[in-house]
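Reading through the structure tokens given below for one structure.
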Protein chains: 2
Amino acid sequence: MTDHEVLSVWRELSARHAAIVSDLERELQDRHELGVSEFEVLDRLVEGVCLSADGKFRVQELAAGVHLSQSALSRLIARLEKAGLVLRSMCADDRRGVFVTLTDAGRIRHSEALPTQRRVLRDHLAATPQG
Amino acid sequence: MTDHEVLSVWRELSARHAAIVSDLERELQDRHELGVSEFEVLDRLVEGVCLSADGKFRVQELAAGVHLSQSALSRLIARLEKAGLVLRSMCADDRRGVFVTLTDAGRIRHSEALPTQRRVLRDHLAATPQG
DNA sequence: ATGCATTCAATGCACAAGCATTTAATGCGT
DNA sequence: ACGCATTAAATGCTTGTGCATTGAATGCAT
């Protein structure tokens, strides 16, 4: 693979990412008052509920999958809590840790936003050569 | 293509983009005191020099290709000018417009940073399935 | 020529992100 | 038991970004 090819792949990747994020941001914000990262975190929490019995998450566990710094994630969760979409609670076994759980409002908001996200992603990705 | 497949492609794309940008940012900053977007703009200017006789660019022309808002681009160019890497000059035929031109320092800085960028991109993209 | 909508770029403002630091809790070695 | 390095999460601070607005220049219609 030549440098020129690598560069062209990178530009394609970058352009596609920018276009999708831009669309997602606008649609999620306009229709559901959610940023892309906010939705992403809710999404992980919903997925997690299916996997773990209690539906609790350490903040740190959320960091994987959402591409944000620790501080950004901390503030993002604070925003979600303020909006009533998640709850933060101490965890008993390690009192440094914080559990994050979805509220009913959070579950509802996510389920409302999910079709929007799916639609935007499908519009961009469904019928393309490299997916 | 199922929703699940679309989602998985999106996560792959997103993760790859985040990893590359993060690496690029660190390497370009540490070695050359350039952000990713700053380098990208210099890169476009260098390419443009090859194509146009005078090497002048309207700010607006730069916007295409660099995925930034008009205001972000305006400030970015201001930063580059302050760093001595580009010059801004009025254009005579339409005095609303601004020409941006590389300085020698800008050309040098770009040529120093180019191998770093190429290396990072190659490390991430060279030997992968979908490129 | 005049008025008015349009375009280019810069700027005020609000906000989100990262880095570095802080606070609190844990665990390990002695 | 005590000190010390380590870890989890929050916070102060700086910076970059986008939206909306502004200021200036253009062009088009009348």
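Order of the sequence lines fixes the chain letters, A, B, ..., with proteins taken first and strands second; residue numbering starts at 1 for each chain.
For Glu5(B), the CD atom sits in a packed shell: over 12 heavy atoms of surrounding residues, nucleotides or ligands are nearer than 6.0 Å.
Place Asp94(A) and Glu38(A) on DNA chain C by their nearest nucleotides, and Glu38(A) ends up nearer the 5' end. Between Leu76(B) and Ala72(A), the residue anchored nearer the 5' end of DNA chain D, judged by the nucleotide with its closest heavy atom, is Ala72(A).
Between the P atom of dA9(D) and the CG atom of Asp93(A) lies a distance of 11 Å, rounded to the nearest Å. Rounded to whole Å, atom P of dA17(C) lies 12 Å from atom CD of Glu40(A). Rounding to whole angstrom units, NE2 of residue His67(B) and P of dT17(D) are separated by 13 Å. For Arg26(B) and dG18(C), the CZ to P distance is 14 Å, given to the nearest whole Å. To the nearest angstrom, P of dG16(D) lies 14 Å from CG of Leu73(B). The separation between Arg95(B) atom CZ and dA10(C) atom C1' is 17 Å, rounded to whole Å. Between the CD atom of Glu33(B) and the P atom of dT15(D) there is a distance of 14 Å, rounded to whole Å. Distance, Glu25(A) CD to dC15(C) P: 14 Å, rounded to whole Å.
Minimum heavy-atom separation, Ile20(B) to Leu13(A): CD1-CD2, 3.8 Å. Annotation for His67(B) and Ser14(A): closest pair CD2-OG, 3.7 Å, computed over non-hydrogen atoms. Shortest non-hydrogen contact noted between Arg109(A) and His32(A) is NH1-O, 3.0 Å. The heavy-atom pair separating Ala72(B) from Ser69(B) by the smallest distance is N-OG, 3.1 Å.
Contact check, Arg88(B) against dA10(C): a side-chain N or O comes under 4.0 Å of OP1 or OP2.
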With salt bridge (charged side-chain N to carboxylate O under 4.0 Å, His left out) as the criterion, how do Arg16(A) and Glu12(B) come out once you've worked through the C-alpha distance, each side chain's angles and the decisive distance to 0.1 Å? CA-CA 13 Å; Arg16(A) 179 171 290 199; Glu12(B) 170 69 19; over 6 Å; no
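Here the side chain of Arg79(A) is nearest to one of dG18(D), dA25(D), dA16(C), namely dA16(C). Counting only heavy atoms from C-beta on, Ser74(B) has its side chain closest to dT11(C) among dT11(D), dT11(C), dA10(D). Here the side chain of Ser37(A) is nearest to one of dA17(C), dA10(C), dG18(C), namely dA17(C). For Gln70(B), whose side chain is taken as the heavy atoms from C-beta onward, the closest listed nucleotide among dA10(D), dA25(D), dA20(D) is dA20(D). Side chain of Ser69(B), nearest nucleotide from dT26(D), dG18(D), dG12(D): dG18(D). Considering only the side chain of Leu68(B), dT17(D) comes nearest among dT17(D), dA9(D), dG18(C). Of the candidate nucleotides dT11(C), dG18(C), dA10(C), dA10(C) has the atom nearest to the side chain of Val98(B).
With hydrogens and angles left out, the side chain of Arg75(A) and the base of dG12(D) share a donor-acceptor pair within 3.5 Å.
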Could you list all N or O pairs between the protein and nucleotides 2-7 of chain D that sit under 3.5 Å apart?
{"residue": "dT7(D)", "atom": "O2", "partner": "Arg96(A)", "partner atom": "NH1", "Å": "2.7"}

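For the atom pair CE of Met1(B) and CG of Leu7(B), the computed distance is 10.0 Å after rounding to the nearest 0.5 Å.
When side chains are defined from C-beta on, Leu87(A) does not count as touching Leu102(A), because their heavy atoms never get closer than 4.5 Å.
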